[in-house]
Amino acid sequence: MKYWLLKSEPDTFGIDHLAALPDQQAPWDGVRNYQARNFLRDELKAGDQAFFYHSSCKVPGIAGIVDISANGQPEKAASQPESPLYDEKHSEETPRWFEVQVKLKTRFAQVIPLQALKQDSALSDMALLNRSRLSVQPVSAEEWQHILANYPH
DNA sequence: GCCAACGTTGGC
DNA sequence: GCCAACGTTGGC
């Protein structure tokens, strides 16, 4: 089982939105970057876990943990003309975009701020701190455990 | 295949 | 709101 980090803008879809859903589960869709798409399509697997990261907001940082509850599938919204995610070059038969299902595991009482992670030499190789604009990215087991063990949440 | 123009991400 | 980083598009 692997660990990941998923970015979302809390004004659009934050951890509180996920928590408010009846089954606290949702498709992780709208990813329109090919490297991130490849992770969704090929690498994220049911049983994996991911940090839910809040970007483009007052305090960017890790807001909680989700379980990946289904492997990558063709993105449904991209097939629906009425959806803002609609892409005419995408179809279920020849998919361009993919989604996984995520289910809320833990909503942190306090966000672990990006600002703190940036100052941690143990995390200097983290993709979050070195790969700008990648909205789906791997987290090593060491990084995952280090963050949970060393930052109040 | 190169590269300039352009658009998006995301921290500050 | 600004701007750095960087991915995408399209002319040539």
Side-chain angles (χ1 to χ4, degrees), chain A residues 2-21 26-44 48-68 71-102 104-140 142-144 146-153:
Chain A
K2 291 182 178 175
Y3 299 103
W4 305 94
L5 182 145
L6 305 173
K7 295 182 185 173
S8 186
E9 300 185 14
D11 291 346
T12 306
F13 186 80
I15 200 162
D16 289 337
H17 293 94
L18 183 61
L21 297 175
W28 198 267
D29 57 13
V31 172
R32 292 293 180 269
N33 167 283
Y34 285 104
Q35 192 175 359
R37 186 281 309 268
N38 292 348
F39 283 131
L40 290 179
R41 186 186 61 193
D42 304 330
E43 303 287 340
L44 277 80
D48 290 355
Q49 293 186 1
F51 286 137
F52 194 128
Y53 180 88
H54 282 174
S55 65
S56 293
C57 57
K58 192 164 185 181
V59 183
I62 300 168
I65 296 172
V66 293
D67 286 315
I68 307 304
N71 295 357
Q73 296 288 323
E75 190 188 280
K76 290 200 172 63
S79 304
Q80 298 164 349
E82 69 277 14
S83 168
L85 295 175
Y86 178 68
D87 182 344
E88 61 181 8
K89 293 177 178 164
H90 172 279
S91 71
E92 204 165 337
E93 296 74 30
T94 56
R96 169 174 293 197
W97 307 117
F98 285 77
E99 65 190 11
V100 297
Q101 300 294 318
V102 302
L104 182 64
K105 179 179 174 64
T106 311
R107 180 188 175 284
F108 292 166
Q110 54 184 124
V111 169
I112 301 174
L114 172 65
Q115 190 185 14
L117 304 178
K118 285 171 72 173
Q119 292 167 5
D120 190 336
S121 59
L123 300 175
S124 58
D125 290 336
M126 241 191 124
L128 179 67
L129 308 179
N130 294 293
R131 303 292 314 280
S132 73
R133 307 173 40 186
L134 184 60
S135 64
V136 177
Q137 55 179 256
V139 176
S140 75
E142 290 76 16
E143 291 160 351
W144 181 274
H146 176 86
I147 289 168
L148 291 179
N150 289 279
Y151 295 90
H153 55 271

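Note that this is a predicted model, so its numbers are computed, not measured. So that the names make sense, note that chain A is the first sequence line, chain B the second, and so on, each numbered from 1.
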- Message: Give me each pair satisfying salt bridge (charged side-chain N to carboxylate O under 4.0 Å, His left out) with a member in residues 51-63 of chain A, each pair once, sequence neighbours excluded.
- Response: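 Residue pairs with at least one partner in residues 51-63 of chain A: there are none.
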
- Message: On the nucleotide B:dG11, are OP1 or OP2 found under 4.0 Å from the side-chain N or O atoms that A:Tyr53 carries?
- Response: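 Affirmative; the distance criterion is met.
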
- Kindly say if A:Lys7 contacts the phosphate of B:dG10, meaning a side-chain N or O under 4.0 Å from OP1 or OP2.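 Indeed, a polar side-chain atom of A:Lys7 lies that close.
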
Please tabulate, one pair per line, all N/O donor-acceptor pairs under 3.5 Å involving side-chain atoms of residues 146-153 of chain A, not counting sequence neighbours.
{"residue": "A:His146", "atom": "ND1", "partner": "A:Asn150", "partner atom": "ND2", "Å": "3.3"}
{"residue": "A:His146", "atom": "NE2", "partner": "A:Asp120", "partner atom": "OD2", "Å": "2.6"}
{"residue": "A:Asn150", "atom": "ND2", "partner": "A:His146", "partner atom": "O", "Å": "2.7"}
{"residue": "A:Tyr151", "atom": "OH", "partner": "A:Asp120", "partner atom": "OD2", "Å": "2.5"}
{"residue": "A:His153", "atom": "ND1", "partner": "A:Tyr151", "partner atom": "O", "Å": "2.7"}

Whole angstroms only, please: what is the [atom1]-[atom2] distance between [X] and [N]?
{"X": "A:Glu9", "N": "B:dT8", "atom1": "CD", "atom2": "C1'", "result": "10 Å"}
{"X": "A:Asp87", "N": "C:dT8", "atom1": "CG", "atom2": "C1'", "result": "14 Å"}
{"X": "A:Trp97", "N": "C:dG7", "atom1": "CH2", "atom2": "C1'", "result": "11 Å"}
{"X": "A:Leu134", "N": "C:dT8", "atom1": "CG", "atom2": "P", "result": "11 Å"}
{"X": "A:Arg32", "N": "B:dT8", "atom1": "CZ", "atom2": "C1'", "result": "14 Å"}
{"X": "A:Asp11", "N": "B:dT9", "atom1": "CG", "atom2": "P", "result": "14 Å"}
{"X": "A:Leu5", "N": "B:dG10", "atom1": "CG", "atom2": "P", "result": "10 Å"}
{"X": "A:Asn33", "N": "C:dA5", "atom1": "CG", "atom2": "C1'", "result": "13 Å"}

- With the side chain of A:Ser55 defined as its heavy atoms from C-beta on, choose the nearest nucleotide among C:dA5, B:dG10, C:dT8.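 Selected nucleotide (nearest to the side chain): B:dG10.
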
- Message: What verdict does the side chain to side chain donor-acceptor pair (under 3.5 Å) test give for A:Ser121 and A:Ser124, after you've listed the backbone C-alpha separation in whole Å, the side-chain angles of each residue and the deciding distance to 0.1 Å?
- Response: CA-CA 5 Å; A:Ser121 59; A:Ser124 58; over 6 Å; no

- List in numerical order all residues of residues 107-124 of chain A for which some heavy atom is under 4.0 Å away from an atom belonging to DNA chain C.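 Contacts with DNA chain C under 4.0 Å: none.
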
- Message: The test is salt bridge (charged side-chain N to carboxylate O under 4.0 Å, His left out); show your working for A:Arg32 and A:Glu75 and say whether it passes.
- Response: CA-CA 11 Å; A:Arg32 292 293 180 269; A:Glu75 190 188 280; 2.8 Å; yes

- Please indicate whether A:Glu92 has more than 12 foreign heavy atoms, meaning atoms of other residues, nucleotides or ligands, lying under 6.0 Å from its CD.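 No, not enclosed.
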
- May I have the step-by-step check of side chain to side chain contact (heavy atoms under 4.5 Å, CB included) for A:Phe39 and A:Tyr34, ending in yes or no? CA-CA 9 Å; A:Phe39 283 131; A:Tyr34 285 104; over 6 Å; no

- Message: Classify A:Ser56 by what it touches in the nucleic acid, base, sugar-phosphate, or nothing, heavy-atom distance under 4.0 Å.
- Response: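 Counting heavy atoms under 4.0 Å across all strands, the contact made by A:Ser56 includes a base.
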
- Side-chain donor/acceptor of A:Ser8 to backbone N/O of A:Phe13, under 3.5 Å: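 Judged by distance alone, yes, a pair lies under 3.5 Å.
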
